[in-house]
Amino acid sequence: MGRGMRKPVVAANWKMNGSLGLCEHFVANLARPDYADVWIFPTALHLGALAESFRDSDISVGVQNVWCEVEGAFTGEISASMVAAAGGQLALVGHSERRSLFGDSDAVVARKFKKITEAGLIPVLCVGETLEERESGLAFEAVQRQLNAVEEAWDNPAYSHVAIAYEPVWAIGTGEAATPDIAQAMQALIRNHVDQNSSGDSQAVRILYGGSVKGVGAAELIAQEDIDGFLVGGASLDVNEFNQICEAVKS
Ligand code: 13P
C-alpha cells in the first residue's frame, strides 16, 4: 500500500527561537495548504499566542516538551494537560536534543509520552540513531530500543493518533540531510516495527523525516513511500523557506 491514505505533514520545530514578532509574521504569511497538515512547535511561551491566532484554522500548534506529571512541585516544568488547556494539540517527545542535553532517558520519554496521550494531545515521538550507532551498524537497534521503551509503558500500543519523527542525530543541524534512500530504508523498518507491535495501525501512522530539511531536496524525500512529511528545525524559522517545503509535499 502507498501513502494515499496518509495526509502529509509539515511541522516546524522552532526550538529555543522565535518571538511574538515571528509568530505574527507566520500568522500573516504562512501558506495554508489543504493537501497537508501544518503543525508549529514554538516555545511554550509563544504557544498561547499562536494557538489563539490559528484557532479557527487548520494549522495546529504544540509544545516541544512536557514533564511527566499532571501538576505539582516541579519547578520550571509544564504538563501536557496545561498545554491542552492553552489550546495546544500536539507535543514533541524524545527529541534528540532533549535526550542528549537534558538527560531524557528512554524511561522518561515513555512516561512523558503516556501523559501526552492521556491529556488528549497527539504525541510526535522523535527517534533516531547517532553517527556512532550508524557506523557500527546499530542504527535500527537504536531506533527500535526507543520505540520499545514507549510501547512497554503504553497499555495498548495504537499508533493511529501518534506521529513518529525519524531524526538521525547526525543530520540534525548539520546541513546534511539523510539521502532519500537512507531515510526511506529506516522509515520502512519503523513502519514494519509498528506493524509487528501494535494493533493494525502501521498504514495509518505518519512517519516524518527530520534533519536539515530545506525547500531544496524536500520533493525527493517526500517521493519515498514511507516518508509522510517533515519535522523542520532551522529552515522552519524562515516562513518563505517553510512555505517552499509545504509546496514540495504537494503530490
Ligand atoms: P534542523 O532542520 O535544523 O536540522 O533540525 C531538525 C530537528 O531537530 C527538528 O526537530
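For ligands, and for the atoms within them, numbers begin at 1 and follow the listed sequence. What you are looking at is a predicted structure, and each value in this text was computed from that prediction instead of being measured. Only heavy atoms go into these numbers, but all of them, side chains included; no hydrogens, no water, no symmetry mates.
- Closest approach of Glu247 to Tyr35, counting heavy atoms only: CA-OH, 3.5 Å.
- Annotation: side chain of Lys114 is not in contact with side chain of Val150 (no heavy-atom distance under 4.5 Å).
- Here Trp154 and Tyr159 bring their ring centres to under 6.0 angstrom of each other.
- The two residues Ile222 and Ala248 have their closest heavy-atom pair at CG2-O, 3.5 Å.
- The N/O atoms of Glu97, backbone and side chain alike, include none that comes under 3.5 Å of an N/O atom in ligand 1.
- Heavy-atom separations between Ala235 and ligand 1 are all 4.0 Å or longer.
- The two atoms that bring Ile245 and Lys214 nearest to each other are CG1-C, 3.6 Å, heavy atoms only.
- A donor-acceptor contact closer than 3.5 angstrom is absent between the side chains of Trp170 and Glu132.
- Between the side chains of Gln203 and Arg191, no donor-acceptor pair of N or O atoms lies under 3.5 Å.
- In summary, the atoms of ligand 1 found under 4.0 Å from a heavy atom of Gly211, numbered by their order in the structure, are 4 (O), 6 (C).
- Contact annotation: for Asn13 versus ligand 1, heavy atoms closer than 4.0 Å belong to the side chain alone.
- The N/O atoms of Gly233, backbone and side chain alike, include one that comes under 3.5 Å of an N/O atom in ligand 1.
- Checked against Ser53 for a side chain to side chain contact (heavy atoms under 4.5 Å, CB included), the options Val27, Val61, Ile59, Leu30 give a single hit: Val27.
- Numbered from 1 in the order shown, with element, the atoms of ligand 1 that lie under 4.0 Å from a heavy atom of Ser212 read 1 (P), 2 (O), 4 (O).
- If you run side chain to side chain contact (heavy atoms under 4.5 Å, CB included) between Tyr166 and each of Leu208, Leu231, Ile190, Ile227, only Ile190 comes through.
- The N/O atoms of Gly234, backbone and side chain alike, include one that comes under 3.5 Å of an N/O atom in ligand 1.
- At the top of the distance list for atom 7 (C) of ligand 1, counting protein heavy atoms only, stands Glu167 OE2, 3.2 Å.
- At least one heavy atom of Lys15 sits closer than 4.0 Å to an atom of ligand 1.
- Every N/O-N/O distance between Ile172 and ligand 1 stays at or above 3.5 Å.
- Close approach of ligand 1 to Leu231 (heavy-atom distance below 4.0 Å) involves ligand atoms 9 (C), 10 (O).
- Assignment of Gly210 to the shell around ligand 1 is not supported, since no heavy atom sits closer than 4.0 Å.
- Here's the thing with His95: one of its N/O atoms is less than 3.5 angstrom from an N/O atom of ligand 1.
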